[in-house]
A.B. asks: 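Below is the structure I would like to discuss, written out as structure tokens.
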Amino acid sequence: MTRENVRFKALPPHWRVERIKYLASVNQNTLGEDTDEDLEIQYIDISNVDSQGRVLEHQLVRFGDAPSRARRIVRRGDTIVSTVRTYLKAIAYIDSTDENLVCSTGFAVLTPKSYVHPKFLAYYARSTDFIDEVVARSVGVSYPAVNASDVADISCPVAPHDEQISIASFLDRETAKLDALVEKKQRLVELLQEKRQALITQAVTKGLDPNVPMKDSGIPWLGEVPAHWAVRRISRVAKMESGHTPNKQEPSYWDGDVPWVSLNDSKRLRKDDVITETEFYTTELGIQNSSAHLLPKDTVVFSRDATIGLCAILGRPMAVSQHFIGWVCGNDILPKYLLMVFKCMDDELQRLSWGSTVKTIGMPDVKRLVTPVPPKSEQVQIVQKLDEQLAKMDLLIKKIETQVAVIVEYRQALISAAVTGEIDVRHYADNEVSALPS
């Protein structure tokens with residue numbers, strides 16, 4: 001049995017299979033080097049397309065200032081398929097009527113023939129079958145890419161034209177309902193995250209007693225604090241430690257058993273208050289031959305470069321890169337309390353940052369950062385209360401995010417089933433809704 005027979009074993013008998021190149025032109029129009037440099041173009045880069053097939057924004061830019069990859073001309077009805085970093089699933093239907101719309105040469109632009117409904121082709125390009133084929137034909141591990149000619153060679157199921165229209169209309173209607181439900185749930189997550197942040201800020205800057213006398217802290221971002229609290233530079237209550245990167249060209253310095261915190265751990269730092277694993281590990285030899293050194297368990301780390309303010313507590317001894325500051329807490333402050341202070345300091349950290357491409361905070365400003373310092377017993381109460389409140393909130397957020405994932409998976413399955421003929425959408429009335437995840 002051929003690969004195509006396996007892929008399209010449920011294909012309706014009145015459908016046919018054709019290669020993309022017979023259904024659409026690929027990269028039909030391109031801007032030449034002689035294009036007027038003052039021409040304003042609406043540029044779409046791969047980063048402007050999300051994994052759900054939405055074009056998030058266009059970048060208005062002069063052709064002369066645009067990246068050299070800004071060459072592919074796109075028009076309404078085209079489908080753009082990312083041929084680099086294919087795991088990102090940056091595939092989108094162009095519904096814009098903007099003039100001078102141009103995308104990166106990292107896309108293959110599919111312009112459907114007159115006998116192919118544009119939305120039908122676009123939905124097939126968003127199907128699991130097509131995405132799996134693109135990934136299978138991609139070459140490379142860290143930066144997988146596929147040739148546009150290989151995309152054009154992918155086989156596609158083709159329904160009669162009137163049925164293509166029915167399928168596109170059905171999927172427009174059903175996916176719109178699913179997208180609205182996802183948007184509603186994502187907005188709820190955003191509101192819960194805002195409430196979560198407000199809880200942290202209130203607890204660590206104002207305390208748990210709403211009736212306690214207050215005083216002006218003298219720090220704009222901090223405002224009033226309880227009158228019996230101290231306000232001190234963090235460097236006075238915790239020892240500041242910087243990091244370093246052992247030589248990346250020396251194999252004996254890497255793949256050891258010493259966790260090394262870097263910007264590659266951003267996802268962990270956003271998600272977890274305590275981290276015990278890292279993306280990269282150095283060796284004792286790497287530590288000995290660099291300015292990096294082991295920081296003790298319970299050190300609070302935060303990033304001062306690039307994505308500023310990522311923070312967590314070390315769950316075991318670790319080293320950190322030069323992009324991070326480690327704070328070894330003294331007797332006057334709890335690591336978990338200091339961590340929560342960093343979590344409500346984002347606006348202040350952004351104010352102190354500088355740099356046009358890569359943001360950073362200078363060491364003099366790092367040394368001047370301040371924290372409220374409640375009595376130790378009160379810090380314990382604040383941390384315990386926050387642990388209790390945030391655990392409930394995080395559980396609710398996770399539940400909603402799981403619901404979103406189910407809806408997105410259902411949406412993908414619905415698209416794939418419709419464009420491969422597994423379901424006959426002509427049997428669905430306009431007001432008939434498939435059972436949606438609640």
Side-chain angles (χ1 to χ4, degrees), residues 46-47 51 82 84-90 106 135 138-145 234 238-329 335-336 338-340 342-343 345-346 349-350 353-355 357-363 366 369 394 398 401:
I46 292 171
S47 61
S51 62
S82 173
V84 296
R85 290 186 292 171
T86 49
Y87 56 85
L88 294 177
K89 303 178 184 177
V135 171
S138 299
V139 177
V141 178
S142 59
Y143 199 83
I234 299 176
K239 183 182 178 183
M240 187 175 73
E241 300 279 5
S242 58
H244 194 260
T245 301
N247 187 350
K248 288 285 188 72
Q249 306 305 315
E250 179 50 63
S252 64
Y253 294 172
W254 296 98
D255 297 326
D257 55 6
V258 180
W260 179 73
V261 183
S262 69
L263 292 174
N264 293 284
D265 298 302
S266 294
K267 287 185 179 179
R268 288 186 179 90
L269 293 162
R270 286 191 180 96
K271 182 171 65 78
D272 300 324
D273 287 347
V274 179
I275 59 171
T276 56
E277 304 294 333
T278 56
E279 187 72 17
F280 297 105
Y281 286 74
T282 185
T283 62
E284 291 289 347
L285 191 62
I287 295 292
Q288 293 169 10
N289 288 276
S290 72
S291 298
H293 56 281
L294 273 182
L295 300 178
K297 179 178 180 293
D298 291 331
T299 297
V300 181
V301 298
F302 90 100
S303 57
R304 70 180 190 92
D305 293 318
T307 306
I308 294 170
L310 295 174
C311 52
I313 297 171
L314 303 185
R316 56 170 166 152
M318 297 183 181
V320 300
S321 79
Q322 64 273 22
H323 301 293
F324 286 82
I325 298 295
W327 299 95
V328 182
C329 294
K336 188 63 176 286
L338 180 59
L339 177 72
M340 292 300 161
F342 281 130
K343 286 182 180 293
M345 202 189 287
D346 187 62
L349 294 177
Q350 296 304 318
S353 66
W354 54 274
T357 304
V358 178
K359 297 287 187 180
T360 190
I361 300 178
M363 289 303 292
V366 171
L369 292 175
D394 290 344
K398 185 175 181 180
E401 289 176 338

A.B. asks: To the nearest 0.5 Å, tell me how far Cys311 SG sits from Phe324 CZ.
C.D. replies: 9.5 Å
A.B. asks: Could you walk me through whether Ser262 and His323 satisfy the side chain to side chain contact (heavy atoms under 4.5 Å, CB included) test, starting with their C-alpha distance in whole Å, then the side-chain angles of each, then the deciding distance to 0.1 Å, before giving a yes or no?
C.D. replies: CA-CA 7 Å; Ser262 69; His323 301 293; over 6 Å; no
A.B. asks: Looking at side-chain heavy atoms only, is the closest gap between Met318 and Val301 below 4.5 Å?
C.D. replies: no
A.B. asks: Can you tell me how far apart CG (Asp394) and NZ (Lys271) are? Round to the nearest 0.5 Å.
C.D. replies: 11.0 Å
A.B. asks: Grab the two heavy atoms, one from Leu349 and one from Gly309, that are nearest each other, plus how far apart they are.
C.D. replies: CD1-CA, 3.7 Å
A.B. asks: How long is the gap from OG1 on Thr360 to CZ on Arg304, to the nearest 0.5 Å?
C.D. replies: 4.5 Å
A.B. asks: Looking at Val274, is its backbone amide N or carbonyl O close enough to the side chain of Asp272 to form a donor-acceptor pair, meaning the two atoms are under 3.5 Å apart?
C.D. replies: no
A.B. asks: Please evaluate residues Ile234 and Met345 with respect to the criterion side chain to side chain contact (heavy atoms under 4.5 Å, CB included), reporting the C-alpha separation (whole Å), side-chain torsions for both, the decisive distance (0.1 Å), and the verdict.
C.D. replies: CA-CA 13 Å; Ile234 299 176; Met345 202 189 287; 4.2 Å; yes
A.B. asks: Do Asn289 and Glu250 pass the side chain to side chain contact (heavy atoms under 4.5 Å, CB included) test, and can you show the C-alpha distance, the side-chain angles, and the key distance before you say yes or no?
C.D. replies: CA-CA 10 Å; Asn289 288 276; Glu250 179 50 63; over 6 Å; no
A.B. asks: To the nearest 0.5 Å, what is the distance between CD1 on Ile313 and CG on Leu269?
C.D. replies: 11.5 Å
A.B. asks: Relative to the ring of Phe342, is the ring of Phe302 parallel (under 30°), tilted (30 to 60°) or perpendicular (over 60°)?
C.D. replies: parallel
A.B. asks: Distance from Asp265 atom CG to Leu310 atom CG, nearest 0.5 Å?
C.D. replies: 10.0 Å
A.B. asks: Check the pair Glu277, Arg316 against side chain to side chain contact (heavy atoms under 4.5 Å, CB included), reporting the backbone distance first and the verdict last.
C.D. replies: CA-CA 9 Å; Glu277 304 294 333; Arg316 56 170 166 152; 3.4 Å; yes
A.B. asks: To the nearest 0.5 Å, what is the distance between CE (Met240) and CH2 (Trp327)?
C.D. replies: 5.0 Å
A.B. asks: Write down the atom of Ile361, the atom of Val366, and the distance for their closest heavy-atom approach.
C.D. replies: CG2-CG2, 3.8 Å
A.B. asks: Of all heavy-atom pairs between Trp254 and Tyr281, which one has the smallest distance, and what is that distance?
C.D. replies: CE3-O, 3.4 Å
A.B. asks: Which heavy atom in Tyr253 sits nearest to a heavy atom in Thr282, and how many Å separate them?
C.D. replies: O-OG1, 2.7 Å
A.B. asks: What are the two closest non-hydrogen atoms of Thr283 and Gly256, and how far apart are they?
C.D. replies: CG2-CA, 3.5 Å
A.B. asks: Show me the pairs that pass salt bridge (Lys or Arg N to Asp or Glu O under 4.0 Å) and involve residues 278-292, at least two apart or across chains.
C.D. replies: Arg268-Glu279
A.B. asks: Enumerate donor-acceptor pairs with a distance under 3.5 Å from any side-chain N or O in residues 292-300 to protein atoms, sequence neighbours excluded.
C.D. replies:
unit_1	atom_1	unit_2	atom_2	d
His293	NE2	Glu241	OE1	3.0
Thr299	OG1	Pro296	O	2.7

A.B. asks: Could you give me the CA-CA distance, side-chain angles and deciding distance for Thr307 and Ser266, then say whether side-chain hydrogen bond (donor to acceptor under 3.5 Å, both in side chains) is met?
C.D. replies: CA-CA 8 Å; Thr307 306; Ser266 294; 5.0 Å; no
A.B. asks: Please check this pair: side chain of Thr278 against backbone of Pro259, looking for a donor-acceptor N/O pair closer than 3.5 Å.
C.D. replies: no
A.B. asks: Taking all non-hydrogen atoms of both residues, which atom of Trp260 and which atom of Ser321 are closest, and how far apart?
C.D. replies: CZ2-CB, 3.4 Å
A.B. asks: Going by heavy atoms in the side chains, are Lys359 and Trp354 under 4.5 Å from each other?
C.D. replies: no
